[in-house]
Each structure stands twice: as C-alpha cells, then as structure tokens.
Trainee: 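The structure follows.
FYI, the numbering just counts along the sequence from 1. In this text, all values refer to a predicted model and were calculated from it rather than measured experimentally.
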Amino acid sequence: MPVYRPLPVEHEQAEHMRQIVRECRELLKQPPPDTFLGRRTHEPFGLGTDATPNEER
C-alpha cells in the first residue's frame with residue numbers, strides 16, 4: 001500500500017485556507033452592519049387640515 005505524502009505546495013495551500021478561515025471567523029464575530037432598514041428616525045409628515053390626498057401641490 002503506497003504512503004501518501006503531501007507536497008510542499010499543498011502545505012502552503014492548506015495554510016492559506018486556514019488564514020482565510022481565521023479572517024472569516026473574526027468578521028463573523030463583529031456585529032451586523034447598520035443598514036437603516038426598518039429604522040424609524042422620524043414620523044412621516046401629515047397632510048395638514050386643508051389638503052386632500054388627490055390635491056396637487
């Protein structure tokens with residue numbers, strides 16, 4: 001039965017992938033970015049007492 005011995009380039013690729021995984025794990029530890037979706041920063045403007053919904057301004 002032949003013995004499998006990884007090539008040096010395979011060691012380099014494996015280490016590169018480990019580094020990418022480390023960086024990804026650090027990114028996943030950060031809080032999610034604020035996208036402003038669903039955030040209510042102000043109340044909508046009212047139509048006023050003299051305006052109707054179909055009236056042009």
Side-chain angles (χ1 to χ4, degrees):
M1 176 187 262
V3 176
Y4 174 73
R5 298 181 198 271
L7 298 173
V9 73
E10 291 173 340
H11 287 291
E12 293 171 13
Q13 289 174 346
E15 184 56 38
H16 181 69
M17 293 306 296
R18 287 186 196 103
Q19 182 61 32
I20 289 173
V21 169
R22 282 187 216 109
E23 292 171 7
C24 291
R25 289 175 58 109
E26 289 299 317
L27 285 176
L28 290 172
K29 288 180 184 178
Q30 297 178 3
D34 186 10
T35 61
F36 301 102
L37 297 175
R39 187 184 335 160
R40 294 186 68 144
T41 58
H42 60 82
E43 293 298 318
F45 292 114
L47 293 175
T49 56
D50 60 337
T52 61
N54 296 330
E55 183 180 35
E56 290 186 23
R57 295 178 188 221

Trainee: For the residue pair Q30 and E26, confirm or rule out a side-chain donor-acceptor distance under 3.5 Å.
Mentor: no
Trainee: So for atom NE2, which belongs to H11, do other residues, nucleotides or ligands contribute more than 12 heavy atoms lying within a distance under 6.0 Å?
Mentor: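 More than 12 within 6.0 Å, yes.
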Trainee: Using side-chain contact (heavy atoms from CB on, under 4.5 Å) as the criterion, list what pairs up with E12, not counting sequence neighbours.
Mentor: V9
Trainee: For R25, look at atom CZ and say whether over 12 heavy atoms of other residues, nucleotides or ligands are found less than 6.0 Å away.
Mentor: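 It does not: R25 CZ has 12 such atoms or fewer within range.
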Trainee: CD/E15 to CZ/R18 distance, rounded to the nearest 0.5 angstrom?
Mentor: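 It comes to 5.5 Å.
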Trainee: Quick one: hydrophobic cluster around L28, which other residues, with the 4.5 Å side-chain cut-off, linked directly or via members?
Mentor: none
Trainee: Taking side-chain contact (heavy atoms from CB on, under 4.5 Å) as the criterion, tell me which of V21, L27, I20 meets it with C24.
Mentor: I20
